[in-house]
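Predicted model, so just to flag it, every value in this text is computed and none were measured. Chain A is the first sequence line, chain B the second, and so forth, proteins listed ahead of strands; every chain is numbered from 1. Basis for what follows: all heavy atoms, side chains included, without hydrogens, waters or symmetry-related copies.
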Protein chains: 2
Amino acid sequence: MFFSKTCEYAIRAVLYIAQKSEEGRKVGIREIAVGIDSPEPFIAKILQVLSKKNLIQSAKGPNGGFYVDKGSRDTTLADIVEAIDGDRLFVGCGLGLSNCSSAKPCPLHTEFQVIRDKLAATLRAATIIRFNDELNLGLSYIKER
Amino acid sequence: MFFSKTCEYAIRAVLYIAQKSEEGRKVGIREIAVGIDSPEPFIAKILQVLSKKNLIQSAKGPNGGFYVDKGSRDTTLADIVEAIDGDRLFVGCGLGLSNCSSAKPCPLHTEFQVIRDKLAATLRAATIIRFNDELNLGLSYIKER
DNA sequence: AAAGTAAAAGAGTTTTTAATCTTTTATTTT
DNA sequence: AAAATAAAAGATTAAAAACTCTTTTACTTT
Ligand code: FES
Ligand code: FES
């Protein structure tokens, strides 16, 4: 809807990793793919990118897997979105004009800007560990079935 | 950003047509393509769809072209978006869960719903003729340069 | 040191979206 | 009726996004 499919998977995967990291354990790609119901090799690729950008951490070898360390506790969903989809959601014009500006605005510029800012604020306020409790309690879901 | 590129072109084209229709004239594909700075054969395809769905009108032959009749004056941008991108923007889950519901919500469901509803309201309030004046006055733009 | 585990890296495929080209049909003007 | 005009229809191509597979590298356990 707002994000690319890749980005949707990324967010769900990171929330899953954050949740399990709280219990102090690392999770492998297989488990993540099952946990968020996504294609395994695809999510592997995506996590590679996030890991390289140090938004999440990874360890190779036995007992390895993905996790989030102390320093990544305040990674936000805005960081994930920016890493995967770039900044077009935050700065792009809703009607596709090549640069959004109030100097040469599209007819919906003002309205779009309000909505866009609201979305940006939401994503910036959403740290990846913030949803751990409600996920644990089954109050919200990152998987279909 | 929110819409597919096809949909962005569609909106800009329809606003252009509405603007010129006010002057009582029909506009050809060539003129539209120049007026909104879009690939000519591509916009032709898009307008075919909108015309078939009767969101805009068209006439073949000399002095033909695209226009909006009285009955289409209250076509809204929501109608255009729905015709091109479907309803995923209005009902889809922001994290890609196959159905968005408050019964089994994703962690951001509440926030997404607010933003989505705001966007939907904006688009539903935006009739295609509503921007004619400001476009005429050069207060807003549907073209880059 | 050897064996096993798990992610990283890179190459490759499929599907979807974006864009183009060609032919046909309808309409109008002469 | 003929010629010209402009959209409709349909087939095709190109590019981007989504997804898969294979090999390599790093690490851990025995
Ligand atoms: S110019 Fe279109 S959203 Fe700002
Ligand atoms: S369930 Fe995700 S937006 Fe409603």
Side-chain angles (χ1 to χ4, degrees), chain A residues 1-14 17 20-21 25-34 36-69 81 83-86 88-89 96 98, chain B residues 1-14 17 20-21 25-34 36-69 81 83-86 88-89 96 98:
Chain A
M1 187 172 57
F2 300 122
F3 317 124
S4 69
K5 217 165 177 194
T6 303
C7 192
E8 292 173 347
Y9 285 140
I11 293 174
R12 278 156 54 201
V14 169
I17 295 165
K20 304 305 171 188
S21 270
R25 68 193 186 82
K26 305 192 183 85
V27 286
I29 286 171
R30 190 120 6 106
E31 181 186 342
I32 296 169
V34 171
I36 66 169
D37 196 38
S38 74
E40 194 179 312
F42 190 43
I43 198 70
K45 265 289 162 231
I46 298 169
L47 293 179
Q48 247 177 56
V49 172
L50 297 180
S51 169
K52 199 175 232 172
K53 298 200 178 186
N54 209 41
L55 293 172
I56 57 173
Q57 285 66 48
S58 68
K60 291 183 177 181
N63 298 315
F66 293 91
Y67 63 102
V68 297
D69 66 16
V81 172
I84 303 290
D85 283 348
R88 71 170 188 275
L89 187 64
S98 51
Chain B
M1 186 173 56
F2 299 122
F3 318 124
S4 69
K5 218 166 177 191
T6 304
C7 190
E8 291 175 348
Y9 285 140
I11 293 173
R12 279 155 53 201
V14 169
I17 295 166
K20 304 306 172 188
S21 270
R25 67 193 187 82
K26 305 192 183 86
V27 287
I29 286 171
R30 190 117 10 102
E31 182 186 341
I32 296 169
V34 172
I36 67 168
D37 196 38
S38 74
E40 196 179 310
F42 190 43
I43 198 70
K45 264 288 163 233
I46 299 169
L47 292 179
Q48 247 178 55
V49 173
L50 297 180
S51 169
K52 199 175 232 170
K53 298 201 178 184
N54 208 42
L55 294 172
I56 58 173
Q57 286 65 47
S58 69
K60 291 182 176 182
N63 298 314
F66 294 91
Y67 64 101
V68 296
D69 66 16
V81 171
I84 304 290
D85 282 349
R88 71 170 186 274
L89 186 64
S98 51

- Going by modelled atom types, is there a donor-acceptor pair between the base of D/dA9 and the side chain of B/Gln48 at under 3.5 Å? yes
- Item | Under 3.5 Å donor-acceptor pair, A/Lys45 side-chain atoms to C/dA9 base atoms | yes
For [N], take OP1 and OP2 only and decide whether either is under 4.0 Å from a side-chain N or O of [X].
X	N	value
B/Thr6	C/dA18	yes
A/Tyr9	D/dC19	yes
B/Ser51	D/dA7	no
B/Asn63	C/dT29	yes

- Message: Taking the nucleotide of DNA chain D with the nearest heavy atom to each, does B/Lys52 or A/Pro41 sit closer to the 5' end?
- Response: B/Lys52
- Judged by nearest nucleotide, the residue sitting upstream toward the 5' end of DNA chain C, A/Gly65 or B/Cys7, is A/Gly65
- Rounded to whole angstrom units, what separation is found between the CZ atom of A/Arg88 and the C1' atom of D/dA16? 11 Å
- Between OH of A/Tyr67 and P of D/dC27 the distance, given in whole Å, is 11 Å
With a non-hydrogen cut-off below 4.0 angstrom, is [X] in contact with a base, only sugar-phosphate, or nothing?
X	value
A/Leu47	nothing
B/Pro39	sugar-phosphate
B/Ala59	sugar-phosphate
A/Val27	sugar-phosphate

- Task: For the side chain of B/Lys5, starting at C-beta, report the closest nucleotide among D/dA7, C/dA19, D/dA4.
- Result: C/dA19
